[in-house]
2 protein chains.
Amino acid sequence: MIRKPATIHDIANHLNISPSTVSRALSDHPRISAATKKLVVETARVLNYNPNRLASNLRKGAGSTIGVVLPLINRHFFANIISGIEKVTANRGFSVIICQSSEKLENEIESLHTLLRNRVAGILISLSSESRDNSHLKALKNSNVPIVLFDRSIEDPEFDKVIINDFRGAYLATSHMIDQGYTNILHFSGPLQISTYRRRFEGYRQALLDRGIPFDPKKVYENVINREKAELLTEELIRSGLPMDAIFSASDMSALGALIRLKAHHIKVPEEIGVAGYVNEPFAAFIDPSLTSIEQFGEKIGIRAAETLLKKIDGSANPEDTQLIEPELIVRKSTDRIIQQQR
Amino acid sequence: MIRKPATIHDIANHLNISPSTVSRALSDHPRISAATKKLVVETARVLNYNPNRLASNLRKGAGSTIGVVLPLINRHFFANIISGIEKVTANRGFSVIICQSSEKLENEIESLHTLLRNRVAGILISLSSESRDNSHLKALKNSNVPIVLFDRSIEDPEFDKVIINDFRGAYLATSHMIDQGYTNILHFSGPLQISTYRRRFEGYRQALLDRGIPFDPKKVYENVINREKAELLTEELIRSGLPMDAIFSASDMSALGALIRLKAHHIKVPEEIGVAGYVNEPFAAFIDPSLTSIEQFGEKIGIRAAETLLKKIDGSANPEDTQLIEPELIVRKSTDRIIQQQR
DNA sequence: ATAAGTTGCGCAATCGATTGCGCATTTTTT
DNA sequence: AAAAAATGCGCAATCGATTGCGCAACTTAT
């Protein structure tokens, strides 16, 4: 049996009162008597009434959904962020619409249009790697939709953002390696024009300098972002006999690549060479040797970003421009050569 | 400057025509002249017009978003599914609202209400582990919203579903182990009242029987679903000296637990004992020895489920009740003792 | 006892897009 | 040339909930 969902009119008819009264009763308006409210709430339950958000939001001029745009859903880090966002918004009666840009600027722009069409109350976005141009974000500004960037953001102070202290993460990792007695530390980085990798690089450099270890740009390898590239590079480094006693990689995948080649050459990690990664992928704990890495607290980022957006939406506060989430160093076996595998 | 989004009225005013004409022009109605259409489309672009989905869907009685409910977003498998869903729906002009039940029936029910409030065009749902009772699903049936279950479903033929052939996956894994010469294969399972684990168990048993290996219920260990439990159990098995030469685990995490304890006792994998997991978590490829597992093609499941739902929505086809996705055996080192680590 | 305030509720407009119906004007048919 | 059909567009109702305004009835203040 096909049945249309009940409306406030149905409730009104059942009780011989007006729809306005029903609406007000349901939203606990002070000018409606307690008796009427009780009646309305009861018949609402009986008729299985579920308010039509479309109508409500249309009338109120937007309202109860927030939009999320991110590069890839099936990355552990981003999935955690979504999870965090969802937890916050669900509690506050918001639904979330998720859009995936697949790292393409075109999709990102299209996603924003979709969200605007749905008249979302606010937007959370993490930029695709293609997004050098930010005109689409600027355009959002005068469409009056609150927006908060997370993780991958732009340098514009006009926008609120929740980002990770990448400098600090890299600084922690590098300092730790120095503490472990490594002195000749290479850095496998990503594309340095991307702010995330740039800041990790800067953290690495600063840690060296602060400990009195000379920084040598030749020890920084750009664009080593996946396992294959890391394997090739590591192989080459080993063969060339370049002096080194540690590798700090800006991603766990490339750290893994390094580990694999070191292992193949029977070079002991962490005894001879230390390796640290970044992002703390789930596998980092499970490989052998387990990989020292930087935890980024994806869920926390999602929670903070969502909370910030909700504050902007209800205007209850004007949040700071930029919120930094502090990462944490997770020391595992791949760098732990002092208290070697004690525990 | 705060500006309201343009409406068809704005376009109509600009051109001194009626909103109806604008609406029809935009939807390419045959009774509107080509000239008018062109004018309308142009000024729509100039005014930065973005149709209000709320209004449109309200008028049309639902329409352009579909809802997804699943137990956990930050699981590799489910994240892949979402990714697949998103790919399909985005192409067809649908947005997706994501709800996370966190394995709680209460949240699952609440999520369904949220989706109904948003008048979604259809619902994709994977049940929480708590969901024994299905009355909330039955209730959906007469609310006239198309619904497709995926992965975690119920046995009711009333519902369309896209699920994995768990029997087959387990059968493949077990057969492979037998082919590798293992004859005394234990099975680490999950709670057997959950259909997924039950079917994996049955696949395991059938593979044994088909190869003439007696099935012994004592070799099946229930509820070994995480690493800790697997570690404890494996430790106990080793100490007790129970004869065995392989472990087929219904999850990668427990397979990992087994590997860890075997390694600790210097028992060689795969030479002395073979180990296979299930789900093919990302880490399976990276641990040492790499773990044989079953790939479930999460993205494909998402794609198929979404396609099925869209078909139901536009009524273009009445899909089959149940679609089985075939899993694939991924052989890695942990069971590969014949062609040992060649390649 | 009259003025003033309070309480309880209904009328009708509104949000923006869609669509059945109808009215002209033009084109085609016989 | 008259009838029939096609073309192009506007009017106004509609989807369901919200809300400013107003009108009674009743309570409190003077």
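Quick note on labels: first sequence line is chain A, next is B, and so on, each numbered from 1.
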Expected output is a numbered-order residue list: members of residues 21-36 of chain A with a heavy atom under 4.0 Å from any atom of DNA chain C. What is it? A:Thr21, A:Arg24, A:Arg31, A:Ile32, A:Ser33, A:Thr36
Write down the distance between CZ (B:Arg119) and P (D:dC15), rounded to a whole number of angstrom. 13 Å
Between A:Phe159 and A:Lys138, is there a cation-pi geometry (under 6.0 Å to ring centre, at most 45° from the normal)? no
What's A:Leu54 touching, base or sugar-phosphate or nothing? Going by heavy atoms closer than 4.0 Å. nothing
Partners meeting salt bridge (Lys or Arg N to Asp or Glu O under 4.0 Å) with B:Arg152 (sequence neighbours left out): B:Glu103
Interatomic distance where CZ belongs to B:Arg117 and P belongs to D:dA17 [whole Å]: 12 Å
Using a strict 4.0 Å threshold on nitrogen-to-oxygen distance, state whether B:Lys161 and B:Asp151 make a salt bridge. no
For A:Leu116 and C:dG16, give me the distance from atom CG to atom C1', rounded to whole Å. 16 Å
Got a donor-acceptor pair under 3.5 Å from the side chain of A:Ser18 to the base of C:dC11? no
To the nearest angstrom, how far is A:Asn16 atom CG from C:dG8 atom P? 20 Å
Side chain of A:Thr21, backbone of A:Ile17: donor and acceptor closer than 3.5 Å? no
When you measure from the side chain of A:Ser20, which nucleotide among C:dC11, D:dG16, D:dA17 comes out closest? C:dC11
Between NE2 of A:His9 and P of D:dA13 the distance, given in whole Å, is 15 Å
Would you say that A:Leu324 contacts A:Ile163 through its side chain, given a criterion of any heavy-atom pair below 4.5 Å between the two side chains? yes
Rounded to the nearest Å, what distance is computed from the CZ atom of residue B:Arg53 to the P atom of nucleotide C:dA17? 12 Å
Residues which pass salt bridge (Lys or Arg N to Asp or Glu O under 4.0 Å) with A:Arg304, listed by chain and number, not counting sequence neighbours: none
Would you say CD of A:Glu106 has more than 12 non-hydrogen atoms from neighbouring residues, nucleotides or ligands within 6.0 angstrom? no
Between D:dC15 (P) and B:Asn52 (CG): distance, integer Å: 18 Å
Take the protein atom CG of B:Asn118 and the nucleotide atom C1' of D:dG16, then report the distance between them rounded to whole Å. 14 Å
